[in-house]
Amino acid sequence: MNVFKDLEARIKTAVEALEIVKTSEASINLDRITVEPPRDSSHGDIASNVAMVLAKPLGMNPRALADMIAEAFAGDPDVLHTTVAGPGFLNFRMSAGYWQRLLVEICEAGTDYGRSDFGAGRKVNVEFVSANPTGPMHVGHCRGAVVGDALANLLSFAGYAVDKEYYINDAGSQIDVLASSVYLRYREALGESIGEIPAGLYPGDYLVPVGQALAAEYGQRLASMPEAERMEIIKDRAIAAMMDMIRDDLKALNVVHDVFFSERTLHADGATAIRRAINDLTYKGHVYKGKLPPPKGQLPEDWEDREQTLFRSTDVGDDIDRPLIKSDGSYTYFAADVAYFRDKFERGYSEMIYVLGADHGGYVKRLEAVARAVSGGQTKLTVLLCQLVKLYRGGEPVRMSKRSGDFITLREVVEEVGRDSVRFMMLYRKSSEPLDFDFAKVTEQSKDNPVFYVQYAHARCHSVMRQAVEVIPDIDISAETLAAQDFAGLTDESELALIAKLAEYPRLIDAASAAQEPHKVAFYLYDLASALHTHWNRGRDTPELRFVNDKNRQLTSARLGLVYAVASVLKSGLSITGTDAPLEMR
RNA sequence: GGCCCCAUAGCUCAGUUGGAUAGAGCGCAGGAUUCCUAAUCCUGAGGCCGAUGGUUCAAAUCCAUCUGGGGUCACCA
């Protein structure tokens with residue numbers, strides 16, 4: 001149950017039953033009514049703006065209207081009391097019985113509590129990472145990988161049918177460079193002295209084993225093949241090896257994709273897929289031959305005025321038309337992108353999300369244009385831009401140069417600071433905000449990392465369980481038994497506040513999904529952990545509030561139910577962020 | 001120059017999509033363990049929400065302009 005939806009329905013019923021509403025000539029719009037946690041919990045458990053929204057059309061004073069609506073809840077056993085405050089807020093304090101019933105529900109649902117039908121089973125494609133298969137993942141890919149993965153987890157939990165997808169850029173000239181680099185390593189493996197790796201080729205050691213494998217399999221045969229044939233073989237092997245490496249890297253970050261889509265397949269069979277996509281666009285009237293205006297500002301030195309086949313994307317929201325076919329007749333990268341979108345569209349996704357780095361910001365409008373032109377506006381396409389991550393080590397910026405191969409790999413980061421720390425840090429910030437990532441901070445002072453705070457809360461829950469079994473050896477802490485408890489003993493303000501925090505979870509899931517903001521989950525987890533730690537510490541000053549009480553078995557079981565519920569929600573949220581929920585931390 | 005993102009406490013950031021007295025962590029000042037894990041908690045100080053106008057019962061939030069910071073621009077992929 002989502003308590004806010006529950007109360008919203010009750011409020012609307014109450015409003016519709018009001019005499020003044022029934023007889024009103026004005027059009028009453030109930031959509032703008034909000035029912036949410038109040039900013040300050042001292043105001044109550046649940047707050048609504050209902051009176052302020054309806055006051056004007058009804059020609060009433062908001063506070064007076066709020067009083068009228070409050071009347072409807074006067075005899076309701078679920079509502080302890082209502083207050084009207086500020087400009088006309090209607091605040092509800094819910095009864096202990098209401099919260100106790102909710103707790104039963106949370107215990108029964110366990111880690112499924114909060115799962116919703118918000119997405120109504122709609123098919124969503126989340127494309128993220130999509131790093132070029134020319135080397136290991138580097139640290140720059142980290143944020144997009146984590147944000148995309150967590151977003152997909154979140155949407156899945158919120159009732160969407162989600163596919164996590166990786167677009168392999170295995171068709172362009174950088175793949176030719178990769179193949180040439182591997183060929184050099186192959187010759188090296190055959191005993192040839194290759195000297196310094198020429199500029200323009202990939203110098204990294206990670207290509208050495210690829211060359212060795214080729215040498216072992218083919219011996220001298222590759223070298224004597226015609227170049228075209230040889231390069232095809234090398235490309236296949238090189239791409240496969242790079243993707244294996246990338247998959248391993250991603251796995252170390254706990255990221256697993258459902259679909260790996262190869263750009264090369266779009267170019268296969270005489271580029272059938274791309275030709276079909278361009279034909280489709282042409283049929284719909286979006287393609288023409290013409291010249292693009294020169295770029296504004298400083299004119300590049302090698303600028304040439306030439307005629308090309310263009311996509312009239314300016315008709316569908318773009319700033320400038322985009323080339324589909326180069327002057328030499330080959331297809332642009334963008335043409336493949338159109339075909340790729342079309343492929344996804346035909347696979348039936350009603351929503352597509354691209355998670356990109358901020359450096360791809362210029363690409364957003366043309367992707368949206370493609371979506372409009374190809375799907376006729378049927379598909380909702382959103383681009384989530386992750387701002388860049390700045391690396392520091394003890395306050396000093398970390399410099400990286402790609403050319404010398406001296407960049408930090410994703411694997412190094414994971415190994416140095418730990419998978420969960422990396423993931424949570426990446427999620428503990430709105431993705432539209434730039435992120436400073438300091439190795440020293442995340443490792444040396446580990447308490448600076450909020451993931452430990454949340455994980456400790458989960459571990460503490462289980463510690464209480466262990467303690468309970470020690471003190472009351474035959475107590476039953478199975479989920480079924482805890483859910484079947486009589487929770488009437490849970491009446492302390494602090495206990496009810498904790499349940500109220502749990503009550504926010506389903507609402508948070510829906511809100512985070514709607515906004516496509518997985519960071520909200522991380523922040524909620526921190527809040528919930530804080531509520532648990534606060535409550536736990538109250539047991540220091542007030543021993544009667546401790547979870548485990550060997551003189552009151554009934555009360556202990558009820559409180560363990562609460563602990564179990566908190567642990568379940570923490571575990572559920574942590575699994576959305578893709579991090580572990582440890583049973584103990586020592 | 002065009003487009004995109006950002007600006008909130010000394011620092012790093014949230015802010016429930018327009019609501020009440022703007023919150024948290026770190027740092028600073030003070031306090032809490034014979035006790036279910038002190039990897040925790042409590043109290044205090046700290047704010048012209050970059051600037052100016054506009055929209056309305058209500059603006060950190062929406063609109064316009066400006067200032068400052070980051071990203072990006074063309075047969076690359």
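A note on names: the letters A, B, ... follow the listed sequences, proteins ahead of strands, and every chain is numbered from 1.
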If you measure from the [atom1] atom in [N] to the same atom in [M], how many Å do you get, rounded?
{"N": "rU17(B)", "M": "rA58(B)", "atom1": "C1'", "result": "15 Å"}
{"N": "rC41(B)", "M": "rU52(B)", "atom1": "P", "result": "38 Å"}
{"N": "rA7(B)", "M": "rG70(B)", "atom1": "P", "result": "15 Å"}
{"N": "rG30(B)", "M": "rC63(B)", "atom1": "P", "result": "47 Å"}
{"N": "rA9(B)", "M": "rG47(B)", "atom1": "C1'", "result": "6 Å"}
{"N": "rA20(B)", "M": "rG15(B)", "atom1": "C1'", "result": "15 Å"}
{"N": "rG10(B)", "M": "rA51(B)", "atom1": "P", "result": "14 Å"}
{"N": "rG27(B)", "M": "rA39(B)", "atom1": "P", "result": "15 Å"}

Any [X] side-chain nitrogen or oxygen under 4.0 Å from OP1 or OP2 of [N]:
{"X": "Arg460(A)", "N": "rA38(B)", "result": "yes"}
{"X": "Lys326(A)", "N": "rA77(B)", "result": "yes"}
{"X": "Thr534(A)", "N": "rC42(B)", "result": "yes"}
{"X": "Lys520(A)", "N": "rU17(B)", "result": "no"}
{"X": "His360(A)", "N": "rC76(B)", "result": "no"}
{"X": "Tyr333(A)", "N": "rA74(B)", "result": "no"}

Would you mind classifying the nucleic acid contact of [X] as base, sugar-phosphate or nothing, using non-hydrogen atoms under 4.0 angstrom?
{"X": "Gly172(A)", "answer": "sugar-phosphate"}
{"X": "Ala514(A)", "answer": "nothing"}
{"X": "Arg540(A)", "answer": "base"}
{"X": "Tyr363(A)", "answer": "base"}
{"X": "Ala468(A)", "answer": "nothing"}
{"X": "Pro434(A)", "answer": "sugar-phosphate"}
{"X": "Ala511(A)", "answer": "nothing"}
{"X": "Val364(A)", "answer": "nothing"}
{"X": "Pro38(A)", "answer": "base"}
{"X": "Asn132(A)", "answer": "sugar-phosphate"}
{"X": "Glu504(A)", "answer": "nothing"}
{"X": "Arg322(A)", "answer": "sugar-phosphate"}
{"X": "Ser173(A)", "answer": "sugar-phosphate"}
{"X": "Arg507(A)", "answer": "base"}

Hydrogens and angles aside, do Glu165(A) and Tyr340(A) bring a side-chain donor and acceptor to less than 3.5 Å of each other?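 Yes, because at least one side-chain N or O of Glu165(A) sits under 3.5 Å from a partner of the opposite role on Tyr340(A).
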Does a donor on one side chain sit under 3.5 Å from an acceptor on the other, for Tyr333(A) and Asn169(A)?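 Their side chains do contain a donor-acceptor pair, which is all the 3.5 Å distance test asks for.
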Angle between ring planes, Phe157(A) versus Tyr505(A), binned at 30° and 60°: parallel, tilted or perpendicular?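 Tilted.
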Describe, in one word, how the ring planes of Phe523(A) and His519(A) are oriented to each other, choosing from parallel (under 30°), tilted (30 to 60°) and perpendicular (over 60°).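 Perpendicular.
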Met426(A) vs Cys142(A) side-chain heavy atoms within contact, under 4.5 Å: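 Sidechains of Cys142(A) and Met426(A): in contact.
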Tell me the stems RNA chain B sits in, counting at least three consecutive Watson-Crick or G-U wobble pairs, each under 3.5 Å on both distances.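 Result, WC/G-U stems under 3.5 Å: B:1-5 with B:69-73, B:10-13 with B:23-26, B:28-32 with B:40-44, B:50-54 with B:62-66.
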Between rC6(B), rA39(B), rG71(B), which nucleotide has the shortest distance from any of its atoms to the side chain of Glu433(A)?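 Shortest atom-to-atom distance from the side chain points to rC6(B).
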Out of rC36(B), rC13(B), rA39(B), whichever nucleotide has its closest atom nearest the side chain of Trp536(A):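 Side chain of Trp536(A) sits closest to rC36(B).
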For Glu307(A), look at atom CD and say whether over 12 heavy atoms of other residues, nucleotides or ligands are found less than 6.0 Å away.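 Counting other residues, nucleotides and ligands, CD of Glu307(A) exceeds 12 neighbours.
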Considering only heavy atoms and no angle criterion, is a donor-acceptor pair shorter than 3.5 Å present between the side chain of Ser327(A) and the base of rC75(B)?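 In this structure, the two groups form a donor-acceptor pair.
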May I ask you to verify whether the side chain of Asn91(A) and the base of rA20(B) hold a donor-acceptor pair under 3.5 Å?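 Indeed there is one.
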Do Arg393(A) and Phe439(A) form a cation-pi contact, if we require the NZ or CZ to be under 6.0 Å from the six-membered ring centre and within 45 degrees of the ring's axis?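 Arg393(A) over Phe439(A) ring: yes.
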Arg507(A) to Phe4(A) six-membered ring, cation-pi geometry met (6.0 Å, 45°):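 Yes, Arg507(A) lies over the aromatic ring of Phe4(A).
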rC26(B) C1' sits how many Å from Tyr526(A) OH, rounded?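 Value for this atom pair: 10 Å.
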Name of the residue among His458(A), Gln455(A), Arg460(A) meeting side-chain contact (heavy atoms from CB on, under 4.5 Å) with Leu570(A):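 With Leu570(A) as partner, His458(A), Gln455(A), Arg460(A) yield a single side-chain contact (heavy atoms from CB on, under 4.5 Å), made by His458(A).
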